[in-house]
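Report on the following structure.
Quick caveat, the model's predicted, so the values are computed rather than measured.
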Protein chains: 2
Amino acid sequence: MPVPWAAVALTRTAVVDTALEILRESGLPGMSMRTLAGRLHVQPSALYWHVPSKQALLTAVAERILATMGAVGAAETAGAELRVVATALRTAVTAYPDGAEIVALGLAAGAENPVADVVAETCRRHGLEGRASGWTTALTAFVLGLSLEQQTHHNLSVADPSTPPGSFDARFEEGLDALLAGPASA
Amino acid sequence: MPVPWAAVALTRTAVVDTALEILRESGLPGMSMRTLAGRLHVQPSALYWHVPSKQALLTAVAERILATMGAVGAAETAGAELRVVATALRTAVTAYPDGAEIVALGLAAGAENPVADVVAETCRRHGLEGRASGWTTALTAFVLGLSLEQQTHHNLSVADPSTPPGSFDARFEEGLDALLAGPASA
DNA sequence: ACCTGAACACCGTTCAAGT
DNA sequence: ACCTGAACACCGTTCAAGT
């Protein structure tokens, strides 16, 4: 008969699920292989049967976070569409504590970037084919760079409440405005 | 009389100097308070007299890295000047292993961003006053985001040589081209 | 096939005690 | 004032042994 503290079978999927759960509650520092194992009522070493390393686990977590980036529709101008893409990525990575750091690691590890397809489609539709990879890189790096600073700043504020606040939403809009206007226009 | 293995007095400056030295040789994972203390021929706990925490030490290291960003001169167009600023920041942060991560942490901790002054001057000279903070955020986040991915990718390649290479210099130029052209032009 | 138990080789930080 | 020595509370990972 099933016992209450053995709620789920220990599979790779369950491990990643629980990792995301802990990430949401405690952030990346709270997500150790030991706390993860404890939540699953298993020894830390048991995790290594389902996942080769913490690195690989984090890449899987990154892919899950990126998968929450919903489809984005067409808009009047290329700039408007690129703005929507950037905002969607930012929403996805900031939905979890330390999401930017994990996604940055995941992309470096070779995770597929969902921004690429959307930007390619936008560029095709607006006669900017040659710039698809350039805009993918520009928007992804911008969003991850700023979100990383924001989430790091948040973590520091928690550790030291005397830290002055930062207005990252406003800076995101300002930065995006500049970037989508180009340096030719005031 | 001075003994050869006590080369320098243990000051905050010497601690930061040695931290940068180890960073250059072994990257961030190699820069533990223990290895740092060992290099200085002192107990790990001794460092805490000169530096309140590793966090603070890393912020000081970030400020040193940012201080290597040389002055950038005027150019014909605003776009050309912004390109030079972005390239200068990239050169500075990629000069050390894990420099992007450390600088991102430093900026989040409140370190002064040298890009701000240069961009403000550029915007003033080219009639873009309202966009100074926007361009500062855009360029800084873009450069740090891409450099972070590059250096993380490099670390993963060292750990696992089967990792496919990435052409980050080319992606930097492409991204910058797109960003400085704006989505209106092909 | 899948997990336990114990160990290895590390971390950052604190703090009484020395000088 | 400045440093040692020892400890505290952690890490990720490995591996023989169990079932």
### Message
For B:Leu148 and A:Glu101: C-alpha separation, side-chain torsions, deciding distance, then whether side-chain contact (heavy atoms from CB on, under 4.5 Å) applies.
### Response
CA-CA 9 Å; B:Leu148 179 72; A:Glu101 185 176 343; over 6 Å; no
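- The distance between atom CH2 of B:Trp49 and atom C1' of C:dA16, rounded to the nearest whole Å, is 14 Å.
- In this model, no side-chain donor or acceptor of A:Ser53 finds a partner on the base of D:dG12 within 3.5 Å.
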### Task
Would you write the dot-bracket representation of DNA chain D, where each base gets (, ), [, ], | or . depending on whether it forms a Watson-Crick or G-U pair under 3.5 Å and with which partner?
||.|||||...|||||.||
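- The nearest whole Å value for the distance from the NE2 atom in A:His50 to the P atom in C:dC2 is 7 Å.
- Ion pairing between a basic and an acidic side chain is recognised when a charged N comes within 4.0 Å of a carboxylate O; B:Arg171 and B:Glu149 show such pairing.
- Nearest nucleotide to the A:Pro44 side chain, out of D:dT13, D:dC11, D:dC15: D:dT13.
- Comparing D:dA9 with C:dA9, their P atoms sit 23 Å apart, to the nearest whole Å.
- Side-chain contact between A:Val16 and A:Glu63 is absent, with no heavy atoms from C-beta onward closer than 4.5 Å.
- Atom pair B:Leu47:CG and C:dT14:P shows a separation of 13 Å (rounding to whole Å applied).
- Nearest-nucleotide assignment on DNA chain D puts the 5′-proximal partner with B:Leu10, out of A:Gly30 and B:Leu10.
- Comparing C:dC3 with D:dC15, their C1' atoms sit 13 Å apart, to the nearest whole Å.
- In this entry the distance linking CD of A:Gln43 with C1' of D:dA17 reads 13 Å, nearest Å.
- Inter-residue side-chain proximity for B:Val119 and B:Val115 is flagged as met; some heavy-atom pair is nearer than 4.5 Å.
- When each of B:Thr136, B:Thr140, B:Thr137 is tested with B:Asn113 by the rule side chain to side chain donor-acceptor pair (under 3.5 Å), just one qualifies, namely B:Thr140.
- Separating the OH atom of A:Tyr48 from the C1' atom of D:dT14 is a distance of 9 Å, rounded to the nearest angstrom.
- Checking the phosphate oxygens (OP1, OP2) of C:dC11, a side-chain nitrogen or oxygen of B:Ser32 falls inside 4.0 Å.
- Residues A:Cys123 and A:Glu129 fail the side-chain proximity criterion, which asks for heavy atoms closer than 4.5 Å.
- In this structure, B:His41 places its NE2 atom 12 Å from P of D:dT4, rounding to the nearest Å.
- The CG atom of B:Leu40 sits 15 Å away from the P atom of D:dC2 (whole-angstrom rounding).
- If you find the closest nucleotide of DNA chain D to B:Val42 and to A:Arg34, the one lying nearer the 5' end belongs to B:Val42.
- Here the side chain of A:Met33 is nearest to one of C:dT4, D:dG12, C:dG12, namely D:dG12.
- Straight-line distance between the C1' atoms of D:dC8 and C:dC10: roughly 15 Å, to the nearest whole Å.
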### Message
Assess the residue pair B:Gln150 and B:Asn155 against the criterion (side-chain contact (heavy atoms from CB on, under 4.5 Å)); give the C-alpha distance rounded to whole Å, side-chain angles, the decisive distance to 0.1 Å, and a yes or no.
### Response
CA-CA 9 Å; B:Gln150 173 178 0; B:Asn155 292 344; over 6 Å; no
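- The distance from atom CE of A:Met31 to atom P of D:dC11 is 12 Å, rounded to the nearest whole Å.
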